[in-house]
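Note that the structure is predicted; figures quoted are calculated from it, not measured.
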Amino acid sequence: MADINDWKALADKEVKGRDLTWNTPEGIAVKPLYTAEDVQADPGLPGFAPFTRGVKASMYAGRPWTIRQYAGFSTAEESNAFYRRNLAAGQKGLSVAFDLATHRGYDSDHPRVTGDVGKAGVAIDSVEDMKILFDGIPLGEMSVSMTMNGAVIPCLAFYIIAAEEQGVSPDQLTGTIQNDILKEFMVRNTYIYPPEPSMRIISDIFAYTADNMPKFNSISISGYHMQEAGATQVQELAFTIADGMEYVKYGVASGLDIDKFAGRLSFFFAIGMNFFMEIAKLRAARTLWYRAMTQLGAQSERSKMLRTHCQTSGVSLQEQDPYNNVMRTTIEAMAAMLGGTQSLHTNALDEAIALPTDFSARIARNTQIVIQEETGMCNVVDPLGGSYYIEALTSELVDKAWEIIERVESEGGMAKAVAAGWPKAMIEEAAAGRQARVDKGDDVIVGVNKYRLAQEDALETLEVDNHVVREAQIARIKRTRENRDEAKCQAALKALAEGARASGNLLGLAVDAARERATLGEISDAMEAAFGRYGTTPTPVKGVYGGAYAGDSRYQQVVSGVEAVTNRLGRAPKLFVAKMGQDGHDRGANVIASAFSDMGFDVVSGPLFQTPEEACKMALDNNVDAVGASSLAAGHKTLIPELIGHLKDAGRADIKVVAGGVIPPQDYDFLKKAGVQGIYGPGSNVVECAADMLRLLGHNMPPVGDELEAAE
């Protein structure tokens, strides 16, 4: 029988000595062949510690994962209709996507959210909206997941009262509230209050749900948004487990018994296109959580079980050749299933540019149903358990993630690490490196940087009329305020504000205020009066993008072009990267700022959540040559034209305005007519974006493809 040395000799002959080792972004050297010698330890059995192979002995052979669709469509009425259609078609649980105004604690009538209401999710201003959202959906029977962190107190309070008015008591409610604020400070940025009071909110929710909602998961510790922001799987794994450890420590410090609340903690991971890495990541997560909770003193085995929801990657979806996204989502769904998730959301093919249509959502949902019903995959528990590669990769991920966790713990825990900023910087470095690899073609994306179509067919997408939605929401807020007992409402809000300054349970006090029809903004304001509102300005990393492009001729052309413009102007061309509206996702903005800075531009990064008027003032104060407006949450048709109008009114129509991010192609003409001079959607090559910017600034850049001739 041949041995490993025989295989090496044969393989070496076949590939003529070429090294087949793959070095992953996580720093793992993946060998082309794994054998029994690579398996370090027996992973045990499903349902038994350390739960590497699954938290239940029977896993999907006993019961398949819960099929969820994460959705929210502008108004409570439209979202409710969508939920009911999906439930009738086989969906088993609800996952609510809120609009950004709601996330940030603003009522729809607030002047800062004119471009955000009803975009990227459903607008919820009061109990009345929440009741409509779940009209005809029995909350005593339906598991509801809510992705909410900043305004978690009013949203959870509205849900509790909406159920109460259906005749459902809190102890009957099942589902999950995300309630994961550390991740917001790292990557997603839909926070409201500073870190310390935000952590108190989490502890208060732990306490309230432990006493009143024993079937409800009080937190979903999320790595999803870390991977979406650019984290490697090791980083996502390590920081998510470290966040969970921090929340447990805060809960214990607030006086809770660890085994009273830890069993209701759940997790949320992204599933990207590195198929085997994602499978191993979920197995490693369960192993790590068992180890972490044992160290923190948990006695109950349930407290040590990591249960998780997963969602297929949004970042892996592409605007170009979008039907490829169906295959991507299917592959990712299979990885989540083979890794042992407890519930799953599959993204729709058009979500790179818009909210999903009924057509695309049905394909996404049916992807899960087909896997469950047609493939036979659910008949075997942990079918990849024992795979030499999977077991070796799982062990490697455990070791590498634990190294980062030990650093976090040695520096005082995740709250202090987040405050120090190094996890965010680590993720931004990974994001910049990934973008550089994609732009160079080192990381292949089919239809984007390889096998690209000569001409793209138009894709019909869903569009939300922000103005109509906002007007309807304002009218309902007005009716709610007119019909409530104002004295009782104000008394409840006063009690909440006093509780925030003292030590009352914030969720319990907010439930009282919600019952009296206080709005989301009023409840948030009552706490803000005690806590203040948190804000930050991004500080993008430098040197990562340029380092990856060392020696590239086209990159050097752009650098030379920047130098020529610098000589002409007597200073470097200045770009202001603006984030307007309440969208806190800053990966794209930070990658652009980092890459353009490496290419020699003078880059000014604006603070998050600016209004167009504030962005205009910052552009004028910094005397910039161009503004790059980053859009991810569909506010571009409102916010960018308003910015251009302010610049014109200030006599600075010469400042170029370009737009980047998630912008449907059918909106391009609208934006160009409004004065936008460059539009760069998902999949745009950053070096070519910079070349285009130089052309806008009057420099005669050679077209792409001429770099070799120019170099010669």
Side-chain angles (χ1 to χ4, degrees), residues 24-28 149-150 178-191 193-196 198-199 202 219-250 267-270 272 277 281 284-285 288-289 291-292 296 306 313 315 397-435 534-545 584-591 593-594 605 608:
T24 76
E26 291 78 14
I28 295 173
N149 302 281
Q178 191 162 99
N179 192 28
D180 176 9
I181 204 64
L182 286 174
K183 165 262 304 175
E184 299 296 327
F185 290 115
M186 262 197 290
V187 291
R188 190 163 174 257
N189 301 311
T190 53
Y191 43 68
Y193 315 110
E196 277 302 316
S198 295
M199 294 297 288
I202 290 170
I219 194 168
S220 174
I221 303 151
S222 174
Y224 183 88
H225 302 95
M226 297 180 199
Q227 189 179 136
E228 293 291 279
T232 67
Q233 277 87 338
V234 165
Q235 291 166 357
E236 178 193 6
L237 182 57
F239 293 137
T240 304
I241 298 296
D243 278 351
M245 295 171 70
E246 191 80 346
Y247 295 136
V248 168
K249 287 185 282 186
Y250 266 78
F267 288 78
F268 174 28
F269 286 103
M277 188 75 75
K281 182 184 74 182
L288 287 165
W289 187 241
R291 181 188 297 180
L296 290 172
L306 182 144
S313 173
V315 167
L397 285 170
V398 167
D399 292 343
K400 285 191 172 294
W402 193 251
E403 288 177 12
I404 296 176
I405 292 168
E406 286 184 319
R407 176 185 172 185
V408 170
E409 293 302 295
S410 70
E411 296 183 17
M414 201 60 192
K416 289 185 178 178
V418 169
W422 65 264
K424 183 177 179 65
M426 188 181 285
I427 291 170
E428 288 184 1
E429 287 181 12
R434 163 68 172 171
Q435 186 63 48
Y534 185 77
T536 186
T537 299
T539 53
V541 298
K542 295 183 178 181
V544 176
Y545 198 92
H585 292 87
D586 58 357
R587 173 181 181 166
N590 289 340
V591 164
S594 176
S605 290
L608 301 176

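For the pair M226/D243, a side-chain contact is recorded, criterion being any heavy-atom separation below 4.5 Å from C-beta on. The side-chain heavy atoms of W402 and R291, taken from C-beta on, include a pair separated by under 4.5 Å. T24 places none of its side-chain heavy atoms less than 4.5 Å from the side chain of Q233.
Summarising the geometry of L306 relative to A285, their closest heavy-atom pair is CD1-O, 3.5 Å, with the distance given to 0.1 Å. Scanning both residues, A432 and Y545, for their nearest heavy atoms gives O-CD1, 3.9 Å. When all heavy atoms of M199 and I181 are compared, the closest pair comes out as SD-CG2, 4.0 Å. For the pair V544 and G433, the tightest heavy-atom approach, listed with the atom from each and the gap, is CG1-N, 3.6 Å. Considering every non-hydrogen atom in both S410 and R407, the closest pair reads OG-O, 2.8 Å.
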Open item on the list: Could you walk me through whether Y191 and F185 satisfy the ring pair (Phe, Tyr, Trp, His ring centres under 6.0 Å) test, starting with their C-alpha distance in whole Å, then the side-chain angles of each, then the deciding distance to 0.1 Å, before giving a yes or no?
Closed with: CA-CA 7 Å; Y191 43 68; F185 290 115; 5.2 Å; yes
- [ ] Quick one: do F267 and I241 satisfy side chain to side chain contact (heavy atoms under 4.5 Å, CB included)? Show the steps, please.
- [x] CA-CA 9 Å; F267 288 78; I241 298 296; 4.2 Å; yes
- [ ] Starting from the C-alpha separation in whole Å, work towards a yes-or-no answer on side chain to side chain contact (heavy atoms under 4.5 Å, CB included) for D180 and H225.
- [x] CA-CA 11 Å; D180 176 9; H225 302 95; over 6 Å; no
Open item on the list: Using the rule given for side chain to side chain donor-acceptor pair (under 3.5 Å), can you reason through E228 versus S313, listing the C-alpha separation, both sets of side-chain angles and the distance that settles it, and then say yes or no?
Closed with: CA-CA 7 Å; E228 293 291 279; S313 173; 3.1 Å; yes
Task: Test side chain to side chain contact (heavy atoms under 4.5 Å, CB included) applied to V591 and R434, step by step - done: CA-CA 10 Å; V591 164; R434 163 68 172 171; over 6 Å; no
TODO: List the steps and the verdict of side chain to side chain contact (heavy atoms under 4.5 Å, CB included) for E246 and V418.
DONE: CA-CA 11 Å; E246 191 80 346; V418 169; over 6 Å; no
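Separating the CD1 atom in I202 from the CG atom in L182 is a distance of 6.0 Å, to the nearest 0.5 Å. Considering CZ of F239 and OG of S222, their distance stands at 14.0 Å, rounded to 0.5 Å. Distance CG/N179 to CD/E184: 10.5 Å, rounded to 0.5 Å. Summarising the geometry, atom CG belonging to L237 is positioned 6.5 Å from atom CG belonging to L397; distances are rounded to the nearest 0.5 Å. Here the straight-line distance linking atom OG1 of T536 with atom OH of Y534 works out to 5.0 Å at 0.5 Å rounding. Between M245 atom CE and I221 atom CD1 the span is 11.0 Å, to the nearest 0.5 Å.
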Listed pairs under 3.5 Å, donor-acceptor, residues 420-431 side chains, sequence neighbours left out:
{"residue": "W422", "atom": "NE1", "partner": "E411", "partner atom": "OE1", "Å": "3.1"}
{"residue": "K424", "atom": "NZ", "partner": "M186", "partner atom": "O", "Å": "3.1"}
{"residue": "K424", "atom": "NZ", "partner": "D586", "partner atom": "OD2", "Å": "3.4"}
{"residue": "E428", "atom": "OE2", "partner": "N590", "partner atom": "ND2", "Å": "3.0"}

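Residue E236 forms a salt bridge (charged side-chain N to carboxylate O under 4.0 Å, His left out) with just one option from K400, K281, K183, and that option is K281.
Remark: Y247 pairs with no residue by the ring pair (Phe, Tyr, Trp, His ring centres under 6.0 Å) rule, at least two apart or across chains.
S594 places a side-chain N or O within 3.5 Å of a backbone atom of V541 that can act as its donor or acceptor partner.
Using a 4.0 Å cut-off between a side-chain N of Lys or Arg and a carboxylate O of Asp or Glu, E409 and K249 qualify as a salt bridge.
Side-chain contact annotation: E26 with T232, donor-acceptor N/O pair under 3.5 Å absent.
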